[in-house]
Q: 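Could you have a look at this structure, given as structure tokens, before my questions?
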Amino acid sequence: MAKIKLEYIWLDGYEPTQNLRSKTKVEEHENFKGTLEELGNWSFDGSSTRQAEGGSSDCLLVPVAIYPDPTRINGWLVMCEVMYADGTPHPSNGRATIDDDNDDFWFGFEQEYFIMDTKTQLPLGFPVGGYPAPQGMYYCSVGGKNTHGRKLVEEHADLCIAAGINFEGINQEVACGQWEFQLFAKGAKKAGDEIWVARYLLDRLTEKYGYYIEYHPKPLGDTDWNGSGMHANFSNTVLRTCGSQETYEKICEAFRPVTKEHIAVYGAYNDQRLTGKHETASINDFSYGVSDRGCSIRIPLMTVQKGWKGWLEDRRPASNGDPYKIAARIIKTVNSAI
């Protein structure tokens with residue numbers, strides 16, 4: 001029988017931003033097919049991840065998604081939910097709060113991030129003690145003068161595709177050393193699984209480059225450099241088929257009275273990014289509009305051109321947000337309006 005490497009991946013209990021954790025289980029399997037049904041639960045020391053006390057520290061890892069690990073021989077990536085010993089969800093388990101068992105909601109997340117040099121603690125392209133040329137030439141740039149980190153980004157894209165993640169694109173972003181990748185999935189839980197596994201592959205890849213990924217939404221502080229978001233494009237059957245401007249506006253209006261509830265799960269330090277500048281709406285306001293990237297929620301022009309059949313884009317989620325919690329809150333609000 002062949003030995004396989006199962007990398008069990010989960011989210012810890014740190015606040016305000018959770019971190020990825022993982023450990024490897026080596027098992028003997030005959031004709032392993034890479035299905036969830038072939039996997040067992042595992043456990044870990046929750047007292048080391050702020051998820052349990054030392055006197056009763058075992059937490060359960062329950063596999064929810066599995067992908068081939070393109071960097072390992074006979075390797076698999078196993079995304080897990082964290083449960084208590086009695087099988088109930090741990091409070092850190094945002095996935096368990098998603099009300100989308102029929103996968104009616106589709107999500108496309110746009111994950112922005114900065115690539116940081118571990119030696120300088122600065123984004124790629126930033127000189128020590130100063131700044132590179134101002135924003136303007138970095139967005140979707142080509143060439144060594146303005147483009148920094150492409151080798152890492154291309155390798156990450158290849159890994160995600162090889163793992164079977166529905167990876168949809170990459171581009172350099174507005175700030176120097178800032179990039180974005182896009183994922184799409186039918187089903188909120190699957191969308192969250194794939195963002196987290198894609199983040200895991202990106203973080204692990206930086207180990208060999210001497211880089212690290214900065215997900216803070218405004219890592220350069222109060223400067224004239226863009227922050228990082230994770231725009232959430234979403235739809236359900238109603239949004240995809242209604243053909244009604246009135247329905248779209250009713251759904252958008254449902255977000256207005258729960259603005260604070262959304263911001264609460266859209267990522268820490270997002271107030272530093274949502275200032276009303278740099279293609280953001282103010283964290284203190286709520287707005288929506290057709291093709292308006294300065295609004296809280298953008299109604300894509302293509303949705304209107306197709307007769308009000310399509311999707312919406314919530315531009316407020318931060319780059320460090322938990323896609324599980326973001327999706328859960330969006331679903332709750334949309335369902336309240338229909």
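Values below: every heavy atom of this structure, side chains too, minus hydrogens, waters and symmetry copies.
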Q: Quickly, which of I251, T237, L239 forms a side chain to side chain contact (heavy atoms under 4.5 Å, CB included) with I338? Name it, please.
A: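 With I338 as partner, side chain to side chain contact (heavy atoms under 4.5 Å, CB included) holds for just one option, I251.
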Q: What class does the angle between the rings of F32 and W76 fall in, given that below 30° is parallel, 30 to 60° is tilted and above 60° is perpendicular?
A: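 F32 and W76: perpendicular rings.
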Q: Measuring from atom CD of E261 to atom CD1 of I263, what distance do you get when rounded to the nearest 0.5 angstrom?
A: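 Result: 10.5 Å between the selected atoms.
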Q: Are any of the side-chain heavy atoms of M116 and Q121 separated by less than 4.5 Å?
A: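 Result no, sub-4.5 Å side-chain heavy-atom pair not found.
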Q: Does N102 have more than 12 heavy atoms from other residues, nucleotides or ligands lying within 6.0 Å of its CG?
A: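 Counting other residues, nucleotides and ligands, CG of N102 exceeds 12 neighbours.
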Q: Determine whether a donor-acceptor pair (N or O, by modelled atom type, separation under 3.5 Å) exists between the side chain of T275 and the backbone of D271.
A: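 No, the answer is negative, given that no donor and acceptor are paired below the 3.5 Å cut-off.
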Q: A side-chain contact here means heavy atoms from C-beta on lying under 4.5 Å apart; do S92 and Q18 qualify?
A: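 In short, these two side chains touch, coming nearer than 4.5 Å.
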Q: If you draw a 6.0 Å radius around OH in Y14, do more than 12 non-hydrogen atoms from other residues or ligands fall strictly inside?
A: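 It does: Y14 OH has more than 12 such atoms within range.
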Q: Identify the heavy atoms of N146 and S141 that sit nearest to each other, and give their distance.
A: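 That closest heavy-atom pairing would be O-OG, 3.4 Å.
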Q: Would you check if the side chain of S319 reaches a backbone N or O of Y215 as a donor-acceptor pair within less than 3.5 Å?
A: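 Yes, the answer is positive, given that a donor and an acceptor are paired below the 3.5 Å cut-off.
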Q: So, do K189 and R95 sit near enough that their side-chain heavy atoms are less than 4.5 Å apart?
A: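 K189 reaches R95 side chain to side chain.
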Q: Decide side chain to side chain donor-acceptor pair (under 3.5 Å) for N226 and Q178; before the verdict, give the C-alpha distance in whole Å, the side-chain angles of both, and the deciding distance to 0.1 Å.
A: CA-CA 9 Å; N226 272 32; Q178 184 187 40; 5.3 Å; no
Q: Any idea how Y269 and H216 line up, ring-wise: parallel (<30°), tilted (30 to 60°), or perpendicular (>60°)?
A: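 Ring orientation, 0 to 90° scale: parallel.
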Q: Starting at CZ of F126, measure out to CG of D117 and round the result to the nearest 0.5 Å.
A: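 Rounded to the nearest 0.5 Å, the CZ-CG separation comes out at 12.5 Å.
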Q: Does the ring centre of W311 sit less than 6.0 Å away from the ring centre of F105?
A: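 No, they do not, as the ring centres are separated by 6.0 Å or more.
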Q: Any side-chain to backbone donor/acceptor pair from H148 onto C176? Under 3.5 Å, distance only.
A: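 Checked: no pair found.
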Q: Apply side chain to side chain donor-acceptor pair (under 3.5 Å) to E246 and S244, showing your working.
A: CA-CA 5 Å; E246 181 182 0; S244 166; 4.9 Å; no
Q: Please tell me if the side chains of Y324 and V265 come closer than 4.5 Å, counting only heavy atoms from C-beta onward.
A: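 Contact flag for Y324/V265 side chains = no.
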Q: Crowded around K309 NZ? As in, over 12 foreign heavy atoms under 6.0 Å?
A: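 No - once you tally the heavy atoms of other residues, nucleotides and ligands closer than 6.0 Å, there are 12 at most.
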Q: Can you measure from CZ (R21) to CG (L11) and round to the nearest 0.5 angstrom?
A: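 That separation rounds to 10.5 Å.
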Q: Evaluate the salt bridge (Lys or Arg N to Asp or Glu O under 4.0 Å) criterion for residues E155 and K208: first the C-alpha distance (whole Å), next the side-chain angles of each, then the deciding distance (0.1 Å), finally the verdict.
A: CA-CA 12 Å; E155 187 172 352; K208 76 175 187 179; 2.8 Å; yes
Q: Donor-acceptor check, side chain of E38 to backbone of G34, threshold 3.5 angstrom: yes or no?
A: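 Side chain of E38 to backbone of G34: a pair is present.
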Q: Taking the ring of W179 and the ring of F114, is the distance between their centroids below 6.0 Å?
A: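 Here the rings of W179 and F114 have centres that are no less than 6.0 Å from each other.
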Q: How long is the gap from CD on E37 to CD1 on I66, to the nearest 0.5 Å?
A: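 These two atoms lie 9.5 Å from each other.
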Q: May I ask you to check whether W106 and F234 place their ring centres under 6.0 Å from each other?
A: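 No: the rings miss the under 6.0 Å criterion.
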Q: Counting C-beta onward and ignoring hydrogens, is there a side-chain heavy-atom pair between Y212 and E214 closer than 4.5 Å?
A: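 Touching, per the 4.5 Å side-chain cut-off.
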Q: Would the distance check show the side chain of T147 and the main-chain N or O of G143 forming a donor-acceptor pair, the cut-off being under 3.5 Å?
A: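 Flag set: sc T147 to bb G143 pair under 3.5 Å.
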Q: Hey, is the main chain of A188 close enough, under 3.5 Å, to the side chain of D100 for a donor-acceptor pair?
A: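 Yes, D100 side chain to A188 backbone: donor-acceptor pair under 3.5 Å.
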Q: Kindly compute the distance separating CG (N335) from CD1 (I330), expressed to the nearest 0.5 Å.
A: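 Interatomic distance, N335 CG to I330 CD1, rounded to 0.5 Å: 11.5 Å.
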Q: I need the F109 CZ to D314 CG distance, nearest 0.5 Å.
A: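 F109 atom CZ to D314 atom CG measures 9.5 Å (nearest 0.5 Å).
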Q: Quick one: sort the Y288 and F286 rings into parallel, tilted or perpendicular, breaks at 30° and 60°.
A: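 Correct class here is tilted.
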Q: Of all the heavy-atom pairs spanning N41 and P63, show the shortest one and how long it is.
A: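 The pair with the smallest heavy-atom distance is OD1-CD, 3.5 Å.
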Q: Counting only heavy atoms not in M137, do more than 12 sit closer than 6.0 Å to its CE atom?
A: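 No, the 6.0 Å shell around CE holds no more than 12 heavy atoms from other groups.
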Q: Taking the side chain from N93 and the backbone from E81, do they hold a donor-acceptor pair closer than 3.5 Å?
A: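 Side chain of N93 to backbone of E81, a donor-acceptor pair under 3.5 Å: no, none is there.
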Q: Pick from L77, V78, D193: which one makes a side chain to side chain contact (heavy atoms under 4.5 Å, CB included) with I9?
A: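 Passing option: L77.
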Q: Between T303 and G310, which heavy-atom pair has the shortest distance, and what is it?
A: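 Smallest interatomic distance, heavy atoms only, reads OG1-CA, 3.6 Å.
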Q: Does T71 form a side chain to side chain donor-acceptor pair (under 3.5 Å) with R204? I'd like the steps, not just the answer.
A: CA-CA 10 Å; T71 68; R204 196 173 71 179; 2.5 Å; yes
Q: Please verify the inter-ring angle class for F167 with H156; under 30° counts as parallel, over 60° as perpendicular, anything in between as tilted.
A: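 The arrangement is perpendicular - the two ring planes meet at more than 60°.
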Q: Consider only side-chain heavy atoms of I, L, V, M, F, W and Y, link residues closer than 4.5 Å, and tell whether W196 and W10 are in one cluster.
A: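 In one cluster with W196: W10, no.
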Q: Between Y8 and W42, how do the two ring planes meet: parallel, tilted or perpendicular, split at 30° and 60°?
A: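 Rings of Y8 and W42: perpendicular, over 60°.
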Q: Do we see a donor-acceptor contact under 3.5 Å between the side chains of D58 and S43?
A: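 Note: D58 and S43 side chains miss the donor-acceptor criterion.
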Q: Do other residues, nucleotides or ligands put more than 12 heavy atoms under 6.0 Å from Y139 OH?
A: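 Check fails, neighbour count at 12 or below.
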Q: Would you check, one step at a time, whether the test side chain to side chain donor-acceptor pair (under 3.5 Å) holds for T280 with R316?
A: CA-CA 8 Å; T280 70; R316 296 171 296 172; over 6 Å; no
Q: A side-chain contact here means heavy atoms from C-beta on lying under 4.5 Å apart; do S291 and P300 qualify?
A: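 No; the side chains remain at least 4.5 Å from each other.
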Q: Shortest non-hydrogen contact from A268 to P217?
A: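 For A268 and P217, the tightest heavy-atom pair comes out as O-CG, 3.3 Å.
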Q: If Ile, Leu, Val, Met, Phe, Trp and Tyr residues are connected whenever their side-chain heavy atoms lie under 4.5 Å apart, and connections chain through other members, are Y67 and V62 in the same group?
A: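 In one cluster with Y67: V62, no.
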Q: Does the side chain of V238 reach to within under 4.5 Å of the side chain of T247, using non-hydrogen atoms?
A: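 The answer is yes; the side chains approach within 4.5 Å.
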